Undergrad: 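Encoded as structure tokens, here's the structure I'll be asking about.
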Amino acid sequence: MAENEDFVIVGAAYKKQVRPVSESSVWRRLWKRPLFSLLVLGILLLGCIMAESIMNHHPSDFYLANLNEPPNTEFYFGTDSLGRDIFSIIWYGGRVSLFIGFSGMAILTCIGVFYGCLSGMAPAFLDNMMMRTAEMLSSIPNLLLILLILSIAGKPTPISIAAVIGGTSWMSLARIVRSEVRQIRASEYILVAKSMGASFPRILYYHLLPNFLSAIMFVVVSSISSCIMLESTLSFLGLGLPVEVVSWGSMLSLSNKALLTNSWWVILIPGVFIVVTLLCITNIGHYLRGAVNRRSSNL
Amino acid sequence: GSNPQTSSPKGVDNSTLAFASGDYTTINPILNTHDELPDIIFSGLMKYDAKGNPVTDLAESYTYDANTLTYIFKLRQGVKWHDGAAFHADDVKFTLDTLTQSKTLAASITDNYKEISSVTTPDENTVVIRLSKPNAAMLNYLTIGILPRHLLEGKDIMTDSFNQHPIGTGRYKFVSWEVGQSVIVEKNTDYYDKIPQIDKIVFKIVPDENARALQMKSGDLDIAWLNAQNTEGFRGDKNYQVFDFKTADYRAISPNFAVPFWQNNKELVGILGYALDKEAIVKSTLGGRGVSAYGPLQLNAEYNNPNVRHYDYDPEKFRQAVEALGWIKGADGIYEKDGQKLSFGVDVRENEEERIDIANVAAQQFRAAGVDMKVNIIQKLNWKTLESFLIGEAAPFDPDNGTYDLFATGASGNYTHYSNAEVDKYLQAARMDVDPAARKDAYDKFQEVLAKEPAYIMIAYLEGNYVAVPRLKGPSTERVLGHHAVGVMWNIEDWTLGNS
Amino acid sequence: MDNILELNHLSVSFHTAQGEVEAVRNVSLTLKKGEVLALVGESGCGKSVLCKSVMKLLPPNAFVKNGSIVAAGEDITQFSEERMRCLRGTRFSMVFQDPMLSLNPTIPIGKQIMEMICLHRKVGRQTARQQALQLLYLVGLEEPEQRFSLQPHYFSGGMRQRCVLAIALAAQPQMLFADEPTTALDVTMQAQIIDLLRDIQKKLQLSIVFISHDLGVVARIANRVAIMYAGKIVEIGTAEDIFYDPRHPYTWGLLRALPSFVPRGGRLHNIPGMPPSLLHPPQGDAFAVRNAYAMKIDYEKMPPFYKISDTHSAATWLLDARAPYIRRPELLHGESRESIG
Amino acid sequence: MLRYIGKKIGIFVIFMGLLSMFVFILARLAPGDPLLSFYGEGVERMSTEEHLAARQRLGLDETLPVQYIRWVDNAVHGDFGISYKYKQPASVILMALLGNTLLLGTVAYVSVFVLAVLLAVFCTLYEDTWVDRIICKMGTIVYYLPPFWLGLLLILLFSVNLHWLPSGGAYDTGRSNDLLNRLQHMILPLMVMVTSHLWYYTYMIRNKLLDEVRRDYVLLAKAKGMSGYSIVWHHCLRNVAPSITSIMAISITHILSGTYVVEAVFAYPGIGALSIESAKYHDYNLLMLVVLITGALVILSSLLAQTINECLDPRMRSEGDSIWQKMKTL
Amino acid sequence: MAEILLSVQHVKQFFSINASFTVEAVNDVSFQIRCGEVFGLAGESGSGKSTLARTIMHMYEPTAGAVYYKEWQISAQPIYHAHKKDIQRNMQMIFQDSAAALNPRMTVRELIEEPLRIWRWCSTCPAYRQRVVELLQLVGLETSFLSQYPDELSGGQRQRVSIARSLALEPSLIIADEPVASLDVSIQAQIINLFQELQREKQFAFLFIAHDLSLLRFISDRIGVMYRGHMVELA
Ligand SMILES: Nc1ncnc2c1ncn2[C@@H]1O[C@H](COP(=O)(O)OP(=O)(O)OP(=O)(O)O)[C@@H](O)[C@H]1O
Ligand SMILES: Nc1ncnc2c1ncn2[C@@H]1O[C@H](COP(=O)(O)OP(=O)(O)OP(=O)(O)O)[C@@H](O)[C@H]1O
Ligand SMILES: [Mg+2]
Ligand SMILES: [Mg+2]
């Protein structure tokens, strides 16, 4: 009887067919997130933001009684040859450096993306002109251009340095964006959006940006590092920030000096902080990029 | 050494010395005033001995007539330029005329020669120099290298290619110049005096201090001037020797008396010295390689007057003195008077790292004492507006050089607008008087007056630390060096290089 | 032993972020020498994956979950990449779904063919060139000499498809997988390519696995037809079996959906609903929710294969002895079949 | 063909004109006294008249347009003026150092890209395996190491401790024509330049390649029986070559401006330091020349890249990429 | 007879690849579509169907000839711009490849909402959602698709999303460029049925492009066949 019941025709959509789904995948997805990087970066950022309450010494003071001391309980990361407390400088300087890094990145990304999109969407003639202009600007060695503009801009502040660095380093990003946009702009969804009457900012924001974001992610993230490095090069050249504003960049030039004096703490600690920070940022950027589903390789 | 291939007598390899040098743009004694190369390629009528006193060089002898203010120099015979041409009195006249009359020349030293009214050459071996005013330091100034007339006459001294292919009469001959890389000189075997023993000197251009230290370590250099910190790494290493030269190079904060703050507060200049722990500055910024400074002639062996007021570190004394002047500490810990803060800026040029450090440490010490000194890093000095400058000066030789032009009212180097009638008087007297005893007396007085009303807040004298390989023998620390420790090669003819 | 390919209970899955995608589920089939087997099914039912898993061209996240692949008597399931490389091109080759994308856009057509020849046969460049030209003649490309050194973008879709075919045939394979070789082409081109395939198959005695979702196309070329649904084969038989005596409701649906079957102005017969996701394929018969003749058991249990004749079998509970008799809906008549075949 | 070349030359000339104008104006807007580098500290002692006369001598008293036109006029006749600092013709100074920089730059440039391509191919072949992951991590870390620091560290290791390599200079004195010697001196600077650029380009090329191996033609190539290595090498690389050449074209200044650090650390005589100094001390003529040279290099290489791309990929010839897009829907 | 909605008059569309070679993609084509009419356009691959559609949509400027929408000559730049709003709202296009025509980074909801948002169709957020749900139901999709990305949909579902989007603004003319060519038979049948129902219900004019004549015969009121850029048959 029961058997026959099974063979009663009930037709389509009689009930939903489901199979129990194991929940393990949620864990796996969470695991793939760069939790560790986020944590480390979070701690670093928090430390820099709350530098005042963490520091146990004044970052730009010279503790002349404690020259060149290795890390100890009073000076957690030791002191340099002028008696400055490296621990405090790290946090305080991190604030300046990260500010310059991030805002430089923001500026160059904004300019680069906007310029690149505009050029990519423009008719051939305008596009050509815009690209040649960018090429012209980028043919002047970056440092040289920064130097010239900084000297016109007057006394450097973190903001002006970030602005100048950002304002002079967007060209290669613009070029990448442009070539991406050139590829995307012929795609049909852009045509659709256009034929529906979408404005340029709308197309840029909803259609172009999300689609080339992954392509420029690495360039954007690594521009944070190049902004920090450029600032340190400027410090090295003596054109950087006023002395009372310490940054990781000025710390790096300190470590150059200390190379022969076996003060490993002066050499290593700032470098480690910079590299770790950048690595974390890269990891997170990489995740953001990878989060967009990519087909698997055909190889 | 990098070229061990040339053979030489046992135990001695005088072939090539590698010397770490800064970059050169020109090699010309009247354009480069403190550089090593012009010193050894060119020679002057006079030269300095170990003590820094002028003695004859190209001149065989000289006489001075105080009434007519005339020097008559007899020149050495048979001296040859490196290109083989004979050296004449004309060359001397040409050089001095260039210094005094050239329209295109813009060198910082021309002021030293402005008393020369005429130069004549009665014959090939005699030069007659007539002065318009007495100048006791003239013999010092005549140590300037003599330029060859036959190569430079009618040319623009500033831009002529001679500056890159110098021909002199000195101990070493210019051989080649690889731009940015090295300048090579070899010994002048026709030299009229003691011929140097080291065949060849390579001036390796290594501008970066750390790179220089590393090259020294890696054996690419034989002798190099290093900063105090880097020198530490070589001390006690048997593979290296360290020469600690005294230098007449000092650092001070020089107030600009043209700005209102200092015009109103001249008295502060001296007192501020009490607030600076100079020993600590030397220890930290100079790695302990230096001495605290109290006067511009402090390292002058003959003319120094140690018995002047010193303004050594004494915060209590500073407090009393400054409060005696009516300053009262404000709520922020900075002194105030009549609503004005005890606050001024100090300018430092961006490329001078050790000065920046000094300024920063000094600023911190001042702040602790209640003085607000702001450090400004600048690219270009503007003496019209700056409030004070972290100055570096040196008076290694004649006391006139490095005092008169700095402290006399309206003198060419007196950018700070310092003016003190008594100082002027003694400096003038010392300049006019050729008699050493009288001069000494005048300089003693000058130093006393200057100490009472100082022009600078003196900080420290630097040391010049040269690191060399042990096989290099001969450098003598007897001589007090000048700015940037220039002058090690003053006795280059005595240097020898052992085998590596 | 003329079974050139045997699949035994083959299951292939993909690891994805969402979970396991079961693209091929328990598929068994055989292919004889000189036979044309058509695989028919909706998009995403696993046709391409099936072919690629035989050639081991699946991406790294795919894995053979179960079953074995036997080619010309050799079990190649566990073959290493190196050994597979020798088989690819010679034992079996493949014509991919999209001729526009499967040619390298920057390399001249001729070179792409020669590459294949040089790879598998020790011949000089000149001979390879000669052979490549012959192949281009074979696939009916006009003026092959002139076109030999042109990049693919100078070619129309049909011409490109011919070139891909030439590449696939270059190393004289025993077996060819043709993965929807005509879908992207228009009707005239489609007909040409199918005729060409048929010719070549006859000439070279090839075994072909022909993939399509268009029964009309299949009717023109196939000896045997396998209908796939949601990773499984639901019905398999000779072309006659499938077209004249289909047993699976899904096959009925497919046959009825052709537009030429309905007079103008009418409504096309369609199968309601969407094919299931293979991410978590449903329990029971996957077709049940779209099947007007579904029985309760269809929602619970996977139907087994029922043999209808020696060549014909189908997996549906309708063939079970206990099932009620269902009158097959009216299908294509003889003359309509002519119109598509 | 002639028209093609003519067009390229036209672009070149306009480009150089605009570039020189831009830098000319920028340099002169920057505050500071160019006389300072000519006369040294002496400038501070000059009276106003002397100062004026000196400016006149250097032709700095005229209005900007006049100065610019005169500069262009001279430059067209091959006279680029004298360097204020070196007091010699700017071209002489530049030529003396340009060779060194070009040598180092070219070798660095070539090795960066050769290594980048090799690494990228390697990473692509082993995508998502531990080798790839390790290379990526290492590459990123090395890329982030500050070049100053790395340079000094390398000297410490290879010259001071191991005595394997010279620590500075472009060649041993007097052996400027000894290529081997030059190479020996170039190894350390090269290592710094390569490490500070390598990963950036590797990563870009790697990404391009990863996109490329996801194309369908790869599957066809694989079905032919080609190995993964030869697919990437013969097919994918060829297809990403246009992107690589365009990246290479823009990277020239990137790599050239990287020489500054290297020159400072390794006392390598080159134009990097020269250009910085010239900008810092308002050595206008030298600055202009340096910028023109790098500008010419960039535009030439980008024109070259364009030409190469057009040869590699005929689709590029007409209006870039769009036509291909259209053709796809054919 | 209903009024003429779209009129294509002697339109030519040439692409010059280089100096010596010009593709004559569309060559002197004329036809008209009335309100509520279904016009089928057939032709083999490369015959210029898509190009014609794009020219009508003002994506290309015609080399010669004119396109009239109602009484406006929309192929002329100034006139197009004067009536841009009306045209953009009332002419919608559905592309052959639904995967390419849907932005892969937008969810179904965002995709369908986009034209509504551009035209400020509703005043509140819930109203937008309401409208999207309505549209989804119209094309036979469940609301559970709202937050899915195009990659996660099957071809048929994607095509439905495209259709829903093109219907969002209730246009008077829809141009469908081979909307079912890449779909398999059963899905194709579903979509065609859907088109027919919608067309009957909403009474929009329809330019339907396909290369399958049997399909066209089935759906359209009139058919044009293109061959190498020319319109060769009008039935
Ligand atoms: N690389 C992959 N990763 C995950 N799933 C995949 C992958 N490739 C294919 N699939 C899944 O496998 C199933 C079968 O795909 P397949 O390509 O074989 O379909 P098909 O029958 O060839 O369809 P079509 O007619 O569209 O070509 C699909 O559901 C698809 O989602
Ligand atoms: N932007 C363009 N530039 C150059 N040629 C083009 C362009 N767009 C289309 N063509 C050419 O115009 C012709 C017609 O192309 P179109 O895409 O209109 O054909 P179709 O009829 O839509 O073909 P299919 O059925 O394959 O979609 C083709 O030969 C094509 O190469
Ligand atoms: Mg498929
Ligand atoms: Mg089309």
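Since this is a predicted model, take the numbers as computed values, not measurements. Just so it is clear: chains get the letters A, B, ... in the order the sequence lines come, proteins before strands, and each one is counted from 1. Hydrogens, waters and symmetry mates are skipped; everything else that's a heavy atom, side chains included, is used.
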Undergrad: For atom CD of C:Gln146, decide whether the heavy atoms of other residues, nucleotides or ligands shown that lie under 6.0 angstrom number more than 12.
TA: yes
Undergrad: Just by distance, with hydrogens left out, do D:Asn239 and C:Thr106 show a side-chain donor and acceptor under 3.5 Å apart?
TA: yes
Undergrad: So what's closer than 4.5 Å to chain C heavy atoms on D:Ser227: side chain, backbone, both or neither?
TA: both
Undergrad: Hey, does C:Phe96 have a side-chain heavy atom less than 4.5 Å from the side chain of D:Leu219?
TA: yes
Undergrad: Check C:Glu81, C:Met94, C:Lys52 against D:Lys222 for a side chain to side chain contact (heavy atoms under 4.5 Å, CB included) and give me the one that passes.
TA: C:Glu81
Undergrad: Which heavy atom of D:Gly225 sits nearest a heavy atom of C:His120, and at what distance?
TA: CA-NE2, 4.1 Å
Undergrad: Non-hydrogen atoms of chain D under 4.5 Å away: do they reach the side chain of C:Leu119, the backbone, both or neither?
TA: side chain
Undergrad: Counting only N and O atoms by type, is there a donor-acceptor contact under 3.5 Å from the side chain of D:His234 to the main-chain atoms of C:Glu115?
TA: no
Undergrad: Counting heavy-atom pairs under 4.5 Å with chain D, which one of C:Cys86, C:Pro60, C:Gly89, C:Ser102 comes out on top?
TA: C:Ser102
Undergrad: Quick one, D:Tyr217 and C:Pro105 - any side-chain contact, counting heavy atoms below 4.5 Å?
TA: yes
Undergrad: Please indicate whether D:Tyr126 has more than 12 foreign heavy atoms, meaning atoms of other residues, nucleotides or ligands, lying under 6.0 Å from its OH.
TA: no
Undergrad: When rounded to the nearest 0.5 angstrom, what is the spacing between CG in C:Asn104 and NE2 in D:His235?
TA: 5.5 Å
Undergrad: First locate atom CD1 of C:Ile167, then atom NZ of D:Lys224, and finally report the distance between them rounded to the nearest 0.5 Å.
TA: 4.5 Å
